[in-house]
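All remarks here apply to the structure that follows.
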Amino acid sequence: MADLHTDIRFLKGIGEKKALLFHKLGIFTLGDCLEYFPRDYEDRSHILPIREGPVGENCCVRALVGSDPTTRLIRRGLTVTKLRAFDESGSMELTFFNQPYVKDQLRQGQEYVFYGRMGGNLLRKQMTNPEFEPAGKGAITGRILPVYRLTGGLSRKALLGAMGQALDCTAQMGDRLTDEFRAQHRLCPLRDAYENIHFPQDAQALAAARRRVIFEEFFTFACGLQLMQEQDRYSPGVSLQWYDPQAFYRLLPFAPTGAQRRAVDQAFADLCSGRRMNRLIQGDVGSGKTLVAAACLWLAAKNGKQAALMAPTELLAVQHHQSLAPLLEQCGFSCGLLTGSTPKKQRQTLCDALAAGALPLVVGTHALLEQQVQFDRLALTITDEQHRFGVRQRQILAGKADQVHTLVMSATPIPRTLALLLYGDMAVSILDELPPGRKPVPTYAVDSRYRARLDAFLLKQVAAGGQAYIVCPLIETEEGAADERQSAVTYAQKLQQRLPQLRIGLMHGRLKAGEKDRVMASFAQGELDVLVSTTVIEVGVNVPRATLMIVEDADRFGLSQLHQLRGRVGRGTLQSYCVLVSDSQNEKTRRRLQVMTQCSDGFRIAEEDLKLRGPGDFFGDRQHGLPQFKVADLSNDIELLQEAQQAAKDLLAQDPGLLQHAPLRQRVEQLFARAQQ
Ligand code: ADP
Ligand code: MG
């Protein structure tokens, strides 16, 4: 007797070879099969009279075959089989290309249901290559049929066959959710859900099934995140002694904002609690996240411990090092720099110092993750612009020692509705206050007819002592890969031809690290007027004299990303501007860009982005290490998400380790284990 653990290989009609195709889809057992949800459905439930079959659309008709099919060879390798079929309302012609065998399947005088695109016109109906079955059979017509993602060599029929057997097993299966819980959240029983998500009785049953499956996806997910947070809450962390951050603030050339102080206080409380910190600092561009990181580095060093700060790009690591090292040096804490381009010998010296505990602090890039980098008493790791890293990478860094605290910083404001989902496993501090004296950055959305005026504006800014960034979009190459370098290179050349008096620099992801630094340094020192760049400058870079941000083909970017880019200017005392260039005529696109011109609050922009573009952009940020949803769609199912999150919270409050809910716990563990592979 098969059950859900039964290996797909042992099913009727599936051998070793076919099993491999199932494996390609991630299906190894009957249980996997059940969880292999349709990507879409074809509504074949309405059977129409031929006359009412809408021309140009798919439909089912039930008709009598009026003539024996005739097959003709049109040319080599192409046969046409034709016949006529009729019902009370009229008749239609059926044409099959290269399917001579239908001759044996369709008999004159018998009734069949045909499914296909109705062609011809109102008077002469016809269908080409319809699917069909004898009337009354109801296997592929007269119902809503699932559409699965398949793979070469594996037919829908084969998958449906396995699915049928999988569904047979659900009889023995208990529901993972109690009756009471289901009643509370209006969820249908598990069996009904599986039945109807694969073979819907009708649209209503399908909706109920989807609701249950989606709810459970969210619920399992939310339980997992909360369990993770729970575990952190009980796992010990290096205990630091508290020092008054005032002593650190006195080193700064400015007074911290209230929000910065709050975040520092929260982080210090974590660090001194004896439990492991897992905290996210979320703040808009320019809100001063670095200061919070610096204070934590300071506290770690003050305690005689080590701490590491990891940034996603070499540029940013260098910049952090430049600003942090002198600051911390004042207290006698030296801070090393480790990036991909640190020379071998220097790297060795640095690693030796870290391993011996002689160097308390280090700032670096991914290079910090390497095996070679070991610490003597690491207490804290900080990841800047964490959305550029995967969870895995953060874990590697945190795994360099026991009981290490983690602080991550993100400049992508996440809409509240998604924050819990994405960061439900972390404590969050929000920097919702910009340092004083920041002027808003007027933002304009224009099309390329403004080119001449834009050039003039650019010259004017430069003449007034400002500098400009121009961000080029991705362009698609023939292979479909995005080649940003090429677009930046050509753009810079053209600009130089138009405006020969400008000193133009070029920056893209494929420059060598040393080269990037050189370009960035000369821009920062004012030796360049314009930096034509790909989005590599998006993250964290600070050039106070940059006053103009031009984004070409701005419609290609998400609003949050545009907001990030805009955050590169307006960092000094000079008035700054942002110009978004787009020739898109699309109404929705224009509206999106308008949001940018009217709003400077990253959180609000993120909410708009979510509304207008769906959650993909935010999810992109954290796709590694988090489970993917199979059915749930965050653009449509946000309300269900909130309900599921609340339910998870309530359940975990009653049963913190899910000890009384073993099956659920097991499901959670599976879900997250798979995601981290
Ligand atoms: P982000 O949150 O985008 O990482 P940064 O930490 O890079 O922001 O800070 C942006 C700029 O603001 C830096 O030049 C920093 O020195 C400055 N800054 C940070 N905090 C304050 C403050 N409280 N008062 C004035 N300037 C500040
Ligand atoms: Mg930053």
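Atoms within each ligand, like the ligands themselves, are counted from 1 in listed order.
Residue contacts with ligand 1, taken as heavy atom pairs separated by less than 4.0 Å, do not involve Met409 at all. Contact annotation: for Pro256 versus ligand 1, heavy atoms closer than 4.0 Å belong to the backbone alone.
Within the structure, ligand 1 has Ala255 among the residues with a heavy atom less than 4.0 angstrom away. Every heavy atom of Gly283 sits 4.0 Å or more from the atoms of ligand 1.
When all heavy atoms of Asp270 and Ser273 are compared, the pair lying nearest together is O-OG, 2.7 Å. For the residue pair Leu359 and Gln306, the shortest heavy atom distance occurs at O-NE2, 2.8 Å.
Atoms OG1 and CD, on Thr365 and Glu314 in that order, are 6.0 Å from each other to the nearest 0.5 Å.
For a threshold of 3.5 Å applied to N or O pairs, the pair formed by Gly286 and ligand 1 contains at least one separation below that value. Geometrically, ligand 1 and Gly288 share a nitrogen or oxygen pair separated by less than 3.5 Å.
Taking the charged nitrogens against the carboxylate oxygens, Arg276 and Asp402 have no contact shorter than 4.0 Å, which rules out a salt bridge.
Under the 4.5 Å side-chain criterion, counting only non-hydrogen atoms from C-beta, Val471 is not in contact with Glu552. With contacts defined as side-chain heavy-atom distances shorter than 4.5 Å, the pair Gln372/Gln348 qualifies.
Under the 6.0 Å distance and 45° angle rule, Lys400 does not count as a cation-pi partner of Phe375.
Which parts of ligand 1 touch Arg571 is read off a 4.0 Å heavy-atom cut-off, strictly below it: atoms 3 (O), 7 (O), 10 (C). Less than 4.0 angstrom separates some heavy atom of Thr257 from each of these atoms of ligand 1: 23 (N).
Of the candidates Leu291, Leu316, Leu434, Thr290, Thr290 brings a heavy atom nearest to atom 6 (O) of ligand 1.
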